[in-house]
Amino acid sequence: MKPSVKGFRVILSVEASQPVIEFTGRLTKAFVFALNLELQSFRGVEGIVAPIHISPLFKVSKDHELGEPAYSYVVKSKEKKEITPIILNGEYIFHIGGEADLVNKVVSRLKQLSCPMLMRIHNNIVRFKVEKVVDVTAEIFEKAGSINGRVRLYLKAPAQIFNVYTPAKLPDFTNSAIELLMVPYAIFNNSLTITRQLVESSFDTLGKLVGTWYSMRTLKPVEIIFREKRQTNLAGHTTYIIQEEDADKLKKIQDVLAIAEIVGIGRSRQNGFGTAVVK
(Lines give C-alpha, C1' and ligand atoms only; values in the text may rest on other atoms or scores of the structure.)
Protein backbone atom coordinates (compact mmCIF):
# COMPACT_ATOMS: atom_id res chain seq x y z
CA MET A 1 0.00 0.00 0.00
CA LYS A 2 1.39 3.39 -1.03
CA PRO A 3 2.11 5.57 2.02
CA SER A 4 0.19 8.75 2.75
CA VAL A 5 2.59 11.65 2.19
CA LYS A 6 2.07 15.37 1.64
CA GLY A 7 4.31 18.12 0.29
CA PHE A 8 3.93 21.90 0.58
CA ARG A 9 5.78 24.98 -0.59
CA VAL A 10 5.85 27.85 1.91
CA ILE A 11 6.35 31.34 0.48
CA LEU A 12 7.45 33.85 3.10
CA SER A 13 9.32 37.07 3.63
CA VAL A 14 12.57 36.78 5.58
CA GLU A 15 14.78 39.51 6.97
CA ALA A 16 17.96 38.85 8.94
CA SER A 17 19.70 41.54 10.99
CA GLN A 18 23.16 40.35 9.86
CA PRO A 19 24.60 38.55 6.81
CA VAL A 20 24.06 34.79 7.07
CA ILE A 21 26.76 32.19 6.48
CA GLU A 22 25.03 29.27 8.25
CA PHE A 23 23.12 26.80 6.02
CA THR A 24 19.59 28.24 5.88
CA GLY A 25 18.06 24.82 6.51
CA ARG A 26 18.84 25.53 10.17
CA LEU A 27 16.83 28.75 9.97
CA THR A 28 13.74 27.17 8.42
CA LYS A 29 13.94 24.24 10.83
CA ALA A 30 14.19 26.59 13.83
CA PHE A 31 11.16 28.51 12.54
CA VAL A 32 9.03 25.37 11.97
CA PHE A 33 10.09 23.73 15.23
CA ALA A 34 9.29 26.89 17.22
CA LEU A 35 5.67 26.54 16.08
CA ASN A 36 5.64 22.77 16.61
CA LEU A 37 7.46 21.94 19.83
CA GLU A 38 6.62 18.24 19.57
CA LEU A 39 9.01 18.02 16.62
CA GLN A 40 11.92 18.39 19.05
CA SER A 41 11.77 14.62 19.52
CA PHE A 42 12.83 14.07 15.89
CA ARG A 43 16.56 13.93 16.43
CA GLY A 44 18.86 12.33 13.88
CA VAL A 45 19.37 8.66 14.70
CA GLU A 46 21.74 6.54 12.64
CA GLY A 47 19.85 4.30 10.23
CA ILE A 48 16.46 5.82 11.12
CA VAL A 49 14.57 7.86 8.54
CA ALA A 50 12.97 11.10 9.79
CA PRO A 51 9.24 11.34 8.90
CA ILE A 52 9.57 15.00 7.87
CA HIS A 53 11.76 17.07 5.54
CA ILE A 54 12.26 20.84 5.87
CA SER A 55 14.29 22.43 3.09
CA PRO A 56 16.58 25.47 3.21
CA LEU A 57 15.52 28.73 1.60
CA PHE A 58 15.32 29.28 -2.15
CA LYS A 59 14.37 32.19 -4.36
CA VAL A 60 10.82 31.93 -5.70
CA SER A 61 10.54 30.78 -9.32
CA LYS A 62 7.27 30.57 -11.29
CA ASP A 63 4.94 31.16 -8.35
CA HIS A 64 5.79 28.16 -6.14
CA GLU A 65 8.78 26.41 -7.73
CA LEU A 66 12.14 26.25 -5.96
CA GLY A 67 14.48 28.70 -7.68
CA GLU A 68 18.12 29.50 -7.02
CA PRO A 69 19.50 28.48 -3.60
CA ALA A 70 19.40 31.09 -0.85
CA TYR A 71 22.22 29.61 1.18
CA SER A 72 25.99 30.02 1.15
CA TYR A 73 28.13 27.28 -0.37
CA VAL A 74 31.28 26.65 -2.39
CA VAL A 75 32.17 23.79 -4.71
CA LYS A 76 34.82 21.74 -2.92
CA SER A 77 38.22 21.76 -4.57
CA LYS A 78 41.89 21.48 -3.66
CA GLU A 79 41.93 25.23 -3.32
CA LYS A 80 40.46 26.29 0.04
CA LYS A 81 37.76 28.79 -0.87
CA GLU A 82 35.99 31.04 1.59
CA ILE A 83 32.23 30.70 1.94
CA THR A 84 30.68 34.11 1.39
CA PRO A 85 27.78 35.21 3.64
CA ILE A 86 24.47 36.13 2.03
CA ILE A 87 22.01 38.90 2.91
CA LEU A 88 18.48 37.69 3.58
CA ASN A 89 15.94 40.42 2.89
CA GLY A 90 12.96 39.67 0.68
CA GLU A 91 10.65 36.90 -0.48
CA TYR A 92 11.80 33.28 -0.33
CA ILE A 93 10.35 29.79 -0.48
CA PHE A 94 10.99 26.50 1.27
CA HIS A 95 9.58 22.99 0.94
CA ILE A 96 8.14 20.87 3.72
CA GLY A 97 7.00 17.30 3.23
CA GLY A 98 6.64 13.90 4.81
CA GLU A 99 4.09 11.75 6.59
CA ALA A 100 0.68 13.26 5.77
CA ASP A 101 -0.91 13.62 9.23
CA LEU A 102 2.25 15.11 10.72
CA VAL A 103 2.85 17.55 7.85
CA ASN A 104 -0.80 18.64 7.82
CA LYS A 105 -0.55 19.62 11.51
CA VAL A 106 2.70 21.52 10.94
CA VAL A 107 1.34 23.38 7.92
CA SER A 108 -1.89 24.23 9.75
CA ARG A 109 0.13 26.13 12.36
CA LEU A 110 2.11 27.92 9.66
CA LYS A 111 -1.13 29.06 8.05
CA GLN A 112 -2.43 30.32 11.40
CA LEU A 113 0.59 32.60 11.88
CA SER A 114 -1.04 35.89 10.91
CA CYS A 115 1.73 38.24 12.07
CA PRO A 116 5.52 38.30 11.64
CA MET A 117 7.62 36.16 13.97
CA LEU A 118 11.00 37.28 15.31
CA MET A 119 13.60 34.70 16.32
CA ARG A 120 17.11 34.96 17.68
CA ILE A 121 19.27 32.40 15.89
CA HIS A 122 22.88 32.53 17.08
CA ASN A 123 23.71 36.26 17.01
CA ASN A 124 21.16 37.02 14.30
CA ILE A 125 17.64 38.38 14.66
CA VAL A 126 15.52 36.83 11.90
CA ARG A 127 12.02 37.98 10.96
CA PHE A 128 9.68 35.48 9.29
CA LYS A 129 6.28 36.26 7.78
CA VAL A 130 4.30 33.57 5.98
CA GLU A 131 2.74 34.86 2.77
CA LYS A 132 1.35 31.73 1.11
CA VAL A 133 1.27 27.94 1.52
CA VAL A 134 0.76 25.74 -1.56
CA ASP A 135 -0.06 22.01 -1.52
CA VAL A 136 2.05 20.47 -4.32
CA THR A 137 1.39 16.78 -3.56
CA ALA A 138 -0.94 16.02 -6.48
CA GLU A 139 1.19 18.10 -8.85
CA ILE A 140 4.34 16.15 -7.98
CA PHE A 141 2.68 12.73 -8.34
CA GLU A 142 1.17 13.79 -11.68
CA LYS A 143 4.56 14.94 -12.94
CA ALA A 144 6.27 11.74 -11.82
CA GLY A 145 3.51 9.69 -13.43
CA SER A 146 4.55 10.98 -16.85
CA ILE A 147 8.22 9.96 -16.44
CA ASN A 148 9.21 7.13 -18.73
CA GLY A 149 12.55 6.10 -20.17
CA ARG A 150 14.73 8.78 -18.58
CA VAL A 151 14.63 10.94 -15.47
CA ARG A 152 16.86 13.65 -14.02
CA LEU A 153 17.19 14.04 -10.25
CA TYR A 154 18.24 17.53 -9.11
CA LEU A 155 19.71 17.95 -5.63
CA LYS A 156 18.40 21.44 -4.93
CA ALA A 157 19.89 21.25 -1.44
CA PRO A 158 23.06 19.22 -0.79
CA ALA A 159 22.42 15.70 0.44
CA GLN A 160 23.99 13.38 3.00
CA ILE A 161 23.69 10.01 1.29
CA PHE A 162 23.14 6.77 3.21
CA ASN A 163 25.66 4.00 2.87
CA VAL A 164 22.90 1.41 2.56
CA TYR A 165 24.96 -1.44 4.04
CA THR A 166 26.37 0.62 6.89
CA PRO A 167 23.83 3.38 7.65
CA ALA A 168 26.11 4.98 10.26
CA LYS A 169 28.64 5.86 7.55
CA LEU A 170 28.46 8.07 4.48
CA PRO A 171 29.78 6.95 1.09
CA ASP A 172 32.50 9.18 -0.35
CA PHE A 173 30.70 9.67 -3.66
CA THR A 174 27.93 7.86 -5.54
CA ASN A 175 25.26 8.28 -8.19
CA SER A 176 23.71 4.87 -7.50
CA ALA A 177 19.90 5.05 -7.29
CA ILE A 178 20.04 2.42 -4.53
CA GLU A 179 22.08 4.89 -2.44
CA LEU A 180 20.42 8.16 -3.47
CA LEU A 181 16.81 6.95 -3.39
CA MET A 182 16.89 4.57 -0.42
CA VAL A 183 15.01 7.00 1.85
CA PRO A 184 12.01 7.54 -0.47
CA TYR A 185 12.01 3.80 -1.18
CA ALA A 186 11.86 3.11 2.57
CA ILE A 187 8.99 5.55 3.03
CA PHE A 188 7.21 4.03 0.00
CA ASN A 189 7.37 0.76 1.93
CA ASN A 190 6.08 2.43 5.13
CA SER A 191 9.43 1.89 6.86
CA LEU A 192 11.52 4.37 8.84
CA THR A 193 14.41 1.94 9.33
CA ILE A 194 17.10 1.05 6.79
CA THR A 195 17.57 -2.73 7.06
CA ARG A 196 19.46 -5.24 4.92
CA GLN A 197 16.14 -6.83 3.96
CA LEU A 198 14.81 -3.45 2.78
CA VAL A 199 17.96 -2.82 0.75
CA GLU A 200 17.80 -6.22 -0.90
CA SER A 201 14.11 -5.74 -1.74
CA SER A 202 14.97 -2.44 -3.48
CA PHE A 203 17.06 -4.07 -6.22
CA ASP A 204 14.02 -4.93 -8.36
CA THR A 205 12.87 -1.28 -8.26
CA LEU A 206 15.83 1.04 -7.78
CA GLY A 207 18.06 -1.32 -9.75
CA LYS A 208 16.04 -0.44 -12.85
CA LEU A 209 17.31 3.15 -12.62
CA VAL A 210 20.67 2.98 -14.40
CA GLY A 211 22.95 5.97 -13.90
CA THR A 212 24.44 7.52 -17.04
CA TRP A 213 28.22 7.81 -17.30
CA TYR A 214 28.14 11.61 -17.54
CA SER A 215 26.30 11.87 -14.21
CA MET A 216 29.65 11.44 -12.53
CA ARG A 217 30.47 14.89 -13.90
CA THR A 218 27.17 16.58 -13.04
CA LEU A 219 27.23 15.55 -9.39
CA LYS A 220 29.67 17.50 -7.24
CA PRO A 221 30.75 17.83 -3.61
CA VAL A 222 29.93 21.22 -2.09
CA GLU A 223 30.78 22.74 1.27
CA ILE A 224 28.32 24.56 3.50
CA ILE A 225 28.55 25.89 7.05
CA PHE A 226 26.45 23.82 9.44
CA ARG A 227 26.63 24.34 13.18
CA GLU A 228 29.52 26.72 12.57
CA LYS A 229 31.66 24.04 10.86
CA ARG A 230 32.42 23.33 7.21
CA GLN A 231 30.60 20.25 5.98
CA THR A 232 30.89 18.49 2.61
CA ASN A 233 27.76 17.13 0.92
CA LEU A 234 26.62 15.97 -2.50
CA ALA A 235 24.97 18.45 -4.91
CA GLY A 236 24.31 18.87 -8.63
CA HIS A 237 22.13 16.47 -10.62
CA THR A 238 22.15 12.94 -11.95
CA THR A 239 20.37 11.31 -14.90
CA TYR A 240 18.96 7.78 -14.90
CA ILE A 241 17.74 5.58 -17.73
CA ILE A 242 14.68 3.60 -16.62
CA GLN A 243 15.00 0.02 -17.81
CA GLU A 244 11.50 -1.21 -17.00
CA GLU A 245 8.65 -2.03 -19.40
CA ASP A 246 6.17 -3.66 -17.02
CA ALA A 247 3.44 -1.06 -16.30
CA ASP A 248 2.94 -1.97 -12.63
CA LYS A 249 6.66 -1.97 -11.86
CA LEU A 250 7.12 1.33 -13.73
CA LYS A 251 4.32 2.85 -11.65
CA LYS A 252 6.22 1.82 -8.51
CA ILE A 253 9.35 3.56 -9.76
CA GLN A 254 7.32 6.69 -10.56
CA ASP A 255 5.81 6.72 -7.07
CA VAL A 256 9.25 6.42 -5.45
CA LEU A 257 10.46 9.35 -7.58
CA ALA A 258 7.46 11.44 -6.50
CA ILE A 259 8.11 10.60 -2.85
CA ALA A 260 11.76 11.62 -3.35
CA GLU A 261 10.60 15.15 -4.23
CA ILE A 262 8.10 15.24 -1.37
CA VAL A 263 10.26 13.86 1.47
CA GLY A 264 13.80 14.54 0.20
CA ILE A 265 16.70 12.10 0.05
CA GLY A 266 19.45 11.02 2.42
CA ARG A 267 20.04 11.78 6.09
CA SER A 268 19.42 14.88 8.20
CA ARG A 269 16.48 15.96 6.03
CA GLN A 270 14.78 17.71 8.94
CA ASN A 271 17.84 20.01 8.98
CA GLY A 272 17.37 21.01 5.32
CA PHE A 273 19.55 18.46 3.54
CA GLY A 274 18.51 16.45 0.50
CA THR A 275 15.82 18.58 -1.16
CA ALA A 276 15.25 16.94 -4.54
CA VAL A 277 13.33 17.77 -7.71
CA VAL A 278 12.63 15.22 -10.45
CA LYS A 279 12.13 16.06 -14.13
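The residues of the chain are indexed from 1 along the displayed sequence.
Distance alone, capped at 3.5 Å, places no donor-acceptor pair between the Lys29 side chain and the Ile54 backbone. For the pair Thr205 (side chain) and Ile253 (backbone), a donor-acceptor distance under 3.5 Å is absent. Side-chain atoms of Glu244 come within 3.5 Å of backbone N or O of Asp246 as a donor-acceptor pair. Judged purely by atom type and a 3.5 angstrom limit, Thr28 uses its side chain to pair as donor or acceptor with the backbone of Ser55. A side-chain donor-acceptor contact under 3.5 Å links Thr212 to the backbone of Thr239. Side chain of Arg127 to backbone of Pro116: no donor-acceptor contact under 3.5 angstrom is found. Thr24 places a side-chain N or O within 3.5 Å of a backbone atom of Ala70 that can act as its donor or acceptor partner. Between the side chain of Ser202 and the backbone N or O of Val199 there is at least one donor-acceptor pair closer than 3.5 Å. Under a 3.5 Å cut-off, the side chain of Glu22 and the backbone N or O of Glu228 do form a donor-acceptor pair.
Residues Val10 and Leu35 share a single hydrophobic cluster, defined by chaining ILVMFWY side chains whose heavy atoms lie under 4.5 Å apart. Residues Val130 and Val103 fall within the same hydrophobic cluster, defined by Ile, Leu, Val, Met, Phe, Trp and Tyr side chains chained together at heavy-atom separations under 4.5 Å. Tyr185 is connected to Ile178 through a chain of hydrophobic side-chain contacts under 4.5 Å among Ile, Leu, Val, Met, Phe, Trp and Tyr, so both are in one cluster. Connection of Val210 to Leu181 is not established within any shared hydrophobic cluster, with ILVMFWY side chains joined at heavy-atom distances below 4.5 Å, either directly or through further cluster members. Both Val133 and Met117 sit in one connected hydrophobic cluster of ILVMFWY residues. Membership requires side-chain heavy atoms under 4.5 Å apart, directly or through other members.
Under the 4.5 Å side-chain criterion, counting only non-hydrogen atoms from C-beta, Phe141 is in contact with Val5. Considering only heavy atoms from C-beta on, Val277 comes within 4.5 Å of Lys143 through its side chain. Leu219 is listed as a side-chain neighbour of Leu155, based on a closest heavy-atom distance under 4.5 Å. Taking the side chain as every heavy atom from C-beta outward, Tyr240 and Leu180 approach each other to under 4.5 Å. The closest side-chain heavy-atom distance from Val49 to Arg269 is below 4.5 Å. Within the 4.5 Å cutoff, the side chain of Leu198 has no heavy atoms near those of the Thr193 side chain. At least one side-chain heavy atom of Glu131 sits less than 4.5 Å from a side-chain heavy atom of Lys129. Ile225 is listed as a side-chain neighbour of Arg230, based on a closest heavy-atom distance under 4.5 Å.
Residues Leu66 and Thr275 come closest through the heavy atom pair CD1-CG2, 3.7 Å. Here the closest heavy-atom approach between residue Asp255 and residue Phe188 is recorded as CB-CE1, 3.7 Å. The two atoms that bring Val14 and Leu12 nearest to each other are CG2-CG, 3.8 Å, heavy atoms only. Pairing each heavy atom of Ala157 with each of Gly272, the nearest pair is CB-O, 3.5 Å. Nearest heavy atoms, Pro158 versus Tyr71: CD-OH, 3.3 Å. Between Thr137 and Gly7, the shortest heavy-atom contact is OG1-N, 2.9 Å.
One distance of note links CD of Gln160 with OG1 of Thr232; it measures 10.5 Å at 0.5 Å rounding. The line from CG of Leu153 to CG of Leu257 is 7.5 Å long, rounded to the nearest 0.5 Å. Separation of atoms CD (Gln254) and CG (Asn148) is listed at 7.0 Å; rounding is to 0.5 Å. A distance of 9.5 Å separates NZ in Lys220 from OG1 in Thr218, rounded to the nearest 0.5 Å. Taking CZ of Arg26 as the start and CG of Asn271 as the end, the distance is 7.5 Å to the nearest 0.5 Å. Rounding to the nearest 0.5 Å places CZ of Phe31 at 10.5 Å from CG of Leu57.
Residues Lys132 and Asp63 are paired through a salt bridge, judged by an N-O separation under 4.0 Å between the basic side chain and the carboxylate.
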Review item, side-chain donor-acceptor pairs of residues 86-98, under 3.5 Å, at least two apart:
{"unit_1": "Tyr92", "atom_1": "OH", "unit_2": "Asn89", "atom_2": "N", "d": "3.0"}
{"unit_1": "His95", "atom_1": "ND1", "unit_2": "Phe8", "atom_2": "O", "d": "3.3"}
{"unit_1": "His95", "atom_1": "ND1", "unit_2": "Arg9", "atom_2": "NE", "d": "3.0"}
{"unit_1": "His95", "atom_1": "NE2", "unit_2": "Glu261", "atom_2": "O", "d": "3.4"}
{"unit_1": "His95", "atom_1": "NE2", "unit_2": "Ile262", "atom_2": "O", "d": "2.9"}

Exercise for the section: Begin from the C-alpha positions of Lys105 and Asp101 and carry the test salt bridge (Lys or Arg N to Asp or Glu O under 4.0 Å) through to its verdict. Expected result: CA-CA 6 Å; Lys105 291 177 183 177; Asp101 289 342; over 6 Å; no

Handout entry: Evaluation steps, salt bridge (Lys or Arg N to Asp or Glu O under 4.0 Å), between Lys252 and Asp248
Key = CA-CA 6 Å; Lys252 187 175 180 179; Asp248 290 338; over 6 Å; no

Practice task
Output, in order, the C-alpha distance, side-chain angles, deciding distance and verdict of side chain to side chain contact (heavy atoms under 4.5 Å, CB included) for Ser17 and Asn124.
Solution key: CA-CA 6 Å; Ser17 62; Asn124 220 328; 2.8 Å; yes

Practice task
With side-chain hydrogen bond (donor to acceptor under 3.5 Å, both in side chains) as the test, would you mind laying out the steps for Lys6 and Asn104 before giving the verdict?
Solution key: CA-CA 8 Å; Lys6 296 290 288 290; Asn104 281 335; 3.3 Å; yes

Practice task
Give the intermediate values and the outcome of side-chain hydrogen bond (donor to acceptor under 3.5 Å, both in side chains) for residues Ser201 and Gln197.
Solution key: CA-CA 6 Å; Ser201 74; Gln197 291 78 12; over 6 Å; no

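Both tests do not hold together for Arg267 against Phe273: distance to the six-membered ring centre under 6.0 Å, angle to the ring axis within 45°. With a 6.0 Å cutoff to the six-membered ring centre and a 45° limit on the axis angle, Lys279 counts as a cation-pi contact of Tyr154.
In this structure, Lys76 places its NZ atom where only 12 or fewer heavy-atom neighbours from other residues, nucleotides or ligands lie under 6.0 Å away.
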